[in-house]
Amino acid sequence: MAEKVVLIDGNSIAYRAFFALPLLNNDKGVYTNAVYGFTTMLLKILEEDQPDHLLVAFDAGKTTFRHKTYTEYKGGRQKTPSELSEQFPVLKELLDAFGVKYYQLDQYEADDIIGTLATQAGDKGLDVKVISGDKDLLQLVSDNITVSLTKKGITNVDTYDPAFLLEKMEVRPDQVIDLKALMGDSSDNIPGVPGVGEKTAVKLLKQFDKLEKVYENLDEVSGKKLKEKLESNQDEAFMSKELVTIDRQSPIEVTLEDLAFPGYETQKVTEFFKELGFQSLLSRVQGEAGNDEAAELPDIDIEVVENINSEMFTGQEALVVEMLYDNYHQAPIEGIAIVNDTKKYVLSIEDASKSDEFKQWAEDTNKEKWVFDAKGTVVALLRYGIHVQGITFDLLLASYLINPAENNHDIPAISHRMGENAVKYDEEVYGKGAKMKRPDDDDVFYTHIGRKAQMVYQLKASAEEQLKQNEQFELYKELEMPLALILGQMEHRGVLLDVDRLQGMGDELEGRLETVQAEIYELAGETFNLNSPKQLGPILFEKLELPVIKKTKTGYSTSADVLEQLEEKHEIIPKILLYRQLGKLKSTYIEGLLKVVHEDTNKIHTRFNQALTQTGRLSSIDPNLQNIPIRLEEGRKIRQAFVPSKEGWVMFASDYSQIELRVLAHIAKDEKLMAAFKEGQDIHTQTASEVFGVDKDDVTSDMRRQAKAVNFGIVYGISDYGLSQSLGISRKEAQAFIDKYFESYPGVKEYMEDTVREAKRTGYVTTFMNRRRYLPDITSRNFNKRSFAERTAMNSPIQGSAADVIKKAMIDLDQKLKEDQFQARMLLQVHDELILEAPEEEVEKLKEVVASVMEHTLELNVPLEVDYSYGPTWYDAK
DNA sequence: GTCTCCACGC
DNA sequence: GACGTACGTGGAGACA
C-alpha cells in the first residue's frame with residue numbers, strides 16, 4: 001500500500017475547534033478548548049489513518065503575497081479573539097509533545113504549503129489526505145488526494161474524492177477555483193461576480209466548463225442581466241480566480257522526508273495531557289498500541305532455566321504460560337515465565353513438562369500462583385499432564401471486573417492502564433495477522449514473557465486493592481475465580497458430537513438446498529448468488545418489482561422481517577426464507593461444528609469467554625455453543641448430535657424459569673410481580689391481564705403473546721422502537737404498552753427511576769454481587785446516547801444479577817456433585833440453563849440435587865423455579 | 001484483512 | 001424531533 005501523507009490546516013482546525021466547543025479553561029485558568037478540540041481530531045487521525053507522514057501547516061502573519069494583488073484580501077474579518085490566539089503557542093507545544101511537525105512560511109498561507117506538499121506527494125503516487133474546514137482546498141482533490149472537511153463539530157468530517165465532490169457540488173476539482181471566482185467568498189472578502197451565487201456559477205460551469213470559456217462565449221450566456229453583470233465584473237472575476245488559486249509551487253523549505261511520523265511517545269503525550277488537564281484523553285493514548293517503540297524498555301535480568309529445581313520457588317510467584325494463538329485447547333505453549341520477589345525465570349515447555357519438580361510445584365495447592373487467565377493457563381497445561389493448583393490471583397478477571405467496558409484485557413494493555421510501561425504489546429513482538437510469529441531471537445521472546453510475568457507479579461497488589469475499594473473482592477475471589485476453574489474443566493472435558501449423525505443431516509440438507517435453489521432460479525428466471533443480498537436485492541425489487549420495504553446502507557434490505565412481509569406477494573419469497581434457514585443450518589451448524597470437532601475424540605471444546613460481556617454473562621466461541629438452534633424444529637434437530645460421552649449416560653438439562661423477571665421482582669420489590677411469582681402464576685398471562693385490564697381467564701393467546709414481548713423488552717432493555725419492531729406495531733402503540741406496563745407494576749417503575757437516578761449520581765450500576773457497569777453516557781446531552789445509557793442502567797442489574805445467580809449455582813453445584821460423589825458433570829452453560837451429562841442411574845437423584853442447588857443458591861424474595869429434563873441426546877433433554 | 005448483511009441463541 | 005436502538009458469535013460475500 002502506498003504510504004500515507006496527512007496534511008492538516010492548523011489555523012482552520014483550531015478555529016473550528018474554538019467555535020465548536022464551549023470556552024473551556026483548565027485549572028490554571030488557561031483557555032484550552034481549541035487545543036482540546038484539535039487534539040481529539042489529531043488522535044482520531046492517528047488512530048484511523050496511521051499516517052507515515054504528517055504535517056500541520058499554519059498561516060504566517062498578516063500579509064501574504066495575495067495582498068499585493070488585492071489589498072482588501074481577507075479584509076473585514078473579525079480579529080482573532082485573544083482567547084484563541086493565546087492557544088496557538090500551546091497548540092504548538094502539543095504538536096511537539098506528539099512529535100508532529102508543523103510549518104509556516106512568510107507571505108504564504110497554510111493552503112499553499114498544503115497545496116505544494118500535496119502535489120509533490122501526489123505526483124510520487126503517495127496517498128494524501130488533507131484536513132481542513134476550508135472549502136477552497138477542494139481544488140486539490142485528485143485520484144490520490146482526498147480532502148476532508150469538518151462538518152458539525154471537529155471530528156466529524158466529509159471526505160471528498162473526485163466522485164464525491166462531483167456528487168456534492170457538481171464540479172470537478174479543477175473547477176472549484178472557477179466556481180469561487182464567479183460566486184466569490186465573503187469570508188475572505190473575495191468579490192467574485194456580484195449577483196452570481198452558487199447555483200448560477202454551477203450552471204455556467206456546466207455549460208462552459210471554466211471561467212475563461214464563460215468570457216470567451218459571453219454571447220451564449222442566457223439572461224440579459226447576468227450577461228451585463230459578468231461583463232462589468234470581468235476583472236474582479238479573474239482577480240478572484242487568482243486569489244483563490246492555491247500556489248502549488250510555494251518556496252517551502254520542508255520536504256516530504258522531513259514529515260516522517262514514526263508515532264508518538266506515550267510518555268511525553270501523557271505528561272502534556274496531565275499538564276493541560278486533559279484527563280478524558282489520557283485513556284486514548286495509554287491504551288494505544290505500538291507507539292512507544294521509541295522508548296526502549298530497560299533490560300531485565302532473566303534466567304533461562306533448563307534444570308528446574310524446587311529451590312527456585314518461594315511459594316508466591318507469577319506464572320505466565322505463553323501461547324501465540326488464543327485457542328488454548330490447541331495452541332502450542334511457546335514458553336513459561338515465572339517471577340517472584342527475587343528472580344525471573346523462563347522455561348521451555350519441553351523442559352517444564354518433563355520436570356517432576358515443576359509438576360510438583362504446579363500442582364501444589366499451597367504454592368501460590370498469580371496468573372493472567374487462570375482458565376487458559378490451567379487448560380493449556382492440562383494438555384501436558386499438569387494440573388495447576390493454587391492459583392490465587394487472576395489479572396484478567398480482576399481487570400474485567402474493575403471495568404468490563406475496557407475492550408482490551410491483555411497484560412500489556414492492563415499494565416499501561418495501571419500506569420506501568422515496562423512491557424511491549426504482543427503485536428510489536430510477534431507481528432500480526434499472517435505474519436505473526438515467535439521472534440527468531442529467543443532473547444527477545446523470553447524477555448517479553450518475562451516482562452509479562454513481572455507485570456502480573458507487580459500489579460496484583462493494586463488490582464486487589466481496587467477490587468476491595470469497589471467492594472468487588474468477594475465477587476472476584478468467591479465467584480469468578482472458582483468459576484474459571486469449573487469452566488476450564490467443562491471446556492477441557494468437551495461435549496461428544498455424533499459426527500455421523502451430523503454428517504447425515506448435512507447430506508439431507510444438501511439435497512434439499514439444491515432443490516430449493518433450483519426452484520428459486522426458475523422463479524427468478526436466472527441464476528445468481530443466492531447468498532448475496534447484494535445480488536438478491538435487484539432480483540426481488542427490480543426484476544420482480546416487489547415493493548421495497550426497507551433499505552440498508554448499501555442497497556435493498558432482504559432480511560427475514562422484510563421477506564416475511566412479502567410472503568404473500570410472490571411464491572419465490574417463502575422459498576428464499578427456506579433456503580436461508582436451511583443454508584444457515586448447513587453452513588453454521590453442520591459444517592461449522594464438523595470443522596471444530598476434535599478428530600481423535602469427536603469432542604467439541606468450546607471456550608467460554610468470562611471477561612467479555614458488559615453485563616456479566618458468559619459468551620462462547622470456537623464454536624459458539626450458546627446459540628445452537630431450538631426455536632424451529634428443523635434446527636432443533638441439530639441437538640440430536642450432542643450426546644453423552646459414555647455408554648449408558650444421558651444428557652441432562654436444567655433451566656431457570658423466568659429468572660430475569662424474578663430478579664426484577666426481587667430488586668424492584670414490586671408487590672404484584674412478587675405475588676405473581678409466589679403464587680406460581682404464568683407471568684405472561686398475568687402481565688397481559690394487567691396491561692389489557694382483563695380477567696386472567698379472559699386473556700387471549702394474542703394478548704399473552706404481546707405481553708410476553710413486553711416482558712421480554714423489560715428484561716433486555718429494548719426501546720419503544722425495539723418493541724414496535726418485535727410486535728409489528730407503531731412506536732406510539734409500543735410506548736403505550738410500556739406505559740401501561742409501568743402503571744401495572746408501579747414498583748418496577750419506581751425501581752427503574754431510582755436506578756437511573758443512582759447511575760447519574762455514581763456513574764455506574766451494580767448487580768447482586770456488586771458487578772459494575774459504568775455508564776458515562778448517562779449524562780450525555782445527546783438524546784440517543786443518553787436514552788441508551790438509561791435503558792442499560794435499568795437492564796444491566798437485571799441481566800447481570802441473573803448471571804450472578806447462575807454462576808453461583810454452578811459453583812455450588814460443582815461442589816455438591818463432588819461432595820456427593822456424583823459422576824455427573826457439567827458440560828455447558830447457556831445463560832439460564834446448565835447442561836450436564838450423567839449416568840442413567842444418577843438421574844433420579846440428580847433431578848432433586850440440581851434443582852435444589854439452583855433454586856437455593858441465593859434466596860430472593862420470590863422463589864426461583866427450575867425445570868429439568870433429560871434424554872439420550874441434547875435434543876431429548878427438552 | 002475488514003466491512004456489511006444476515007441469522008442463530010438468550 | 002433528534003437517530004439508532006438488548007447481548008453475543010459466526011458465515012458468506014464484497015472489496016481492497
Side-chain angles (χ1 to χ4, degrees), chain A residues 1-2 48 127 152 404 432-436 528-537 550-563 576-577 579-593 595-596 606-609 612-632 634-636 638-639 655-656 658-661 709 711-726 731 734 773 777 780-796 798-800 802-803 806 828-833:
Chain A
M1 206 171 76
E48 289 179 3
D127 222 347
K152 261 190 184 163
K432 66 170 177 181
K435 280 182 265 173
M436 184 171 73
F528 57 99
N529 188 338
L530 199 37
N531 288 319
S532 163
K534 200 184 159 181
Q535 294 184 34
L536 177 62
K550 200 164 72 178
K551 285 199 149 201
T552 66
K553 261 180 268 177
T554 50
Y556 306 105
S557 170
T558 66
S559 60
D561 65 303
V562 168
L563 296 187
I576 292 169
L577 284 166
Y579 178 87
R580 285 249 177 96
Q581 191 200 334
L582 301 180
K584 174 81 179 174
L585 290 179
K586 181 153 187 286
S587 69
T588 305
Y589 296 106
I590 308 268
E591 286 160 4
L593 287 172
K595 230 181 284 176
V596 293
T606 184
R607 280 173 293 143
F608 290 106
N609 197 334
L612 184 130
T613 69
Q614 301 305 302
T615 55
R617 280 184 169 185
L618 302 175
S619 81
S620 156
I621 54 171
D622 247 13
N624 181 354
L625 293 184
Q626 290 182 322
N627 72 342
I628 303 300
I630 189 164
R631 231 184 66 243
L632 301 171
E634 199 92 48
R636 189 175 199 151
I638 298 286
R639 295 179 175 227
D655 70 297
Y656 282 109
Q658 309 295 352
I659 186 164
E660 281 95 354
L661 290 175
N711 279 332
F712 183 84
I714 297 291
V715 166
Y716 288 128
I718 63 175
S719 57
D720 53 354
Y721 175 85
L723 183 62
S724 75
Q725 289 295 300
S726 69
R731 218 163 124 163
R773 182 168 188 180
D777 287 343
S780 170
R781 264 87 58 208
N782 178 317
F783 174 86
N784 292 310
K785 285 188 175 175
R786 189 175 66 247
S787 304
F788 185 42
E790 286 171 357
R791 293 203 304 276
T792 309
M794 302 184 244
N795 154 258
S796 290
I798 303 174
Q799 221 188 91
I806 191 162
L828 298 172
Q829 187 249 48
V830 190
H831 308 310
D832 65 356
E833 72 174 317

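Per chain, numbering begins at 1; letters A, B, ... match sequence-line order. Given the structure is predicted, the values throughout are model-derived calculations rather than measurements.
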Considering every strand and a 4.0 Å limit on heavy-atom distances, what is the contact class for [X]: base, sugar-phosphate, or nothing?
X        : result
A/Ser787 : nothing
A/Leu585 : nothing
A/Asp720 : nothing
A/Thr613 : sugar-phosphate
A/Arg636 : nothing
A/Gln725 : nothing
A/Gln535 : sugar-phosphate
A/Asn784 : base
A/Tyr721 : base
A/Thr792 : nothing
A/Asp622 : sugar-phosphate

Distance between C1' atoms of B/dC8 and C/dA6 (Å, rounded): 15 Å
Rounded to whole angstrom, note down the P distance from C/dA12 over to C/dA16. 22 Å
Look up atom [atom1] in [X] and atom [atom2] in [Y], then write down how far apart they are to the nearest 0.5 Å.
X        : Y        : atom1 : atom2 : result
A/Asn795 : A/Glu660 : CG    : CD    : 8.5 Å
A/Asp777 : A/Phe788 : CG    : CZ    : 9.0 Å
A/Asn531 : A/Ser587 : CG    : OG    : 7.5 Å
A/Asn624 : A/Thr588 : CG    : OG1   : 10.5 Å
A/Tyr589 : A/Ile638 : OH    : CD1   : 8.5 Å
A/Ser719 : A/Arg731 : OG    : CZ    : 7.0 Å

Could you work out which one of B/dC6, B/dC8, B/dG1 sits closest to the side chain of A/Thr558? B/dC6
Of all heavy-atom pairs between A/Lys785 and A/Ser780, which one has the smallest distance, and what is that distance? CB-OG, 3.8 Å
Ignoring hydrogens, what is the shortest heavy-atom contact between A/Thr558 and A/Pro533? Give both atom names and the distance. OG1-CB, 3.8 Å
Considering only heavy atoms from C-beta outward, does the side chain of A/Gln614 approach that of A/Thr792 to under 4.5 Å? no
Both distances under 3.5 Å, Watson-Crick or G-U wobble: on that basis, could you give the dot-bracket string for DNA chain C, with [ ] for crossing pairs and | for other-strand partners? ......|||||||||.
Spacing between [X] atom [atom1] and [N] atom [atom2], to the nearest angstrom:
X        : N     : atom1 : atom2 : value
A/Glu634 : B/dA7 : CD    : C1'   : 15 Å
A/Leu563 : B/dC5 : CG    : P     : 15 Å
A/Leu530 : B/dA7 : CG    : C1'   : 15 Å

Does any donor-acceptor pair link the side chain of A/Arg580 with the base of B/dC6 at a separation under 3.5 Å? no
Nt span of DNA chain C in reach of chain A heavy atoms at under 4.0 Å, 5' end first, is C/dA2 to C/dC15
Which sits closer to the 5' end of DNA chain C, A/Gln799 or A/Arg786, going by the nucleotide each is nearest to? A/Arg786
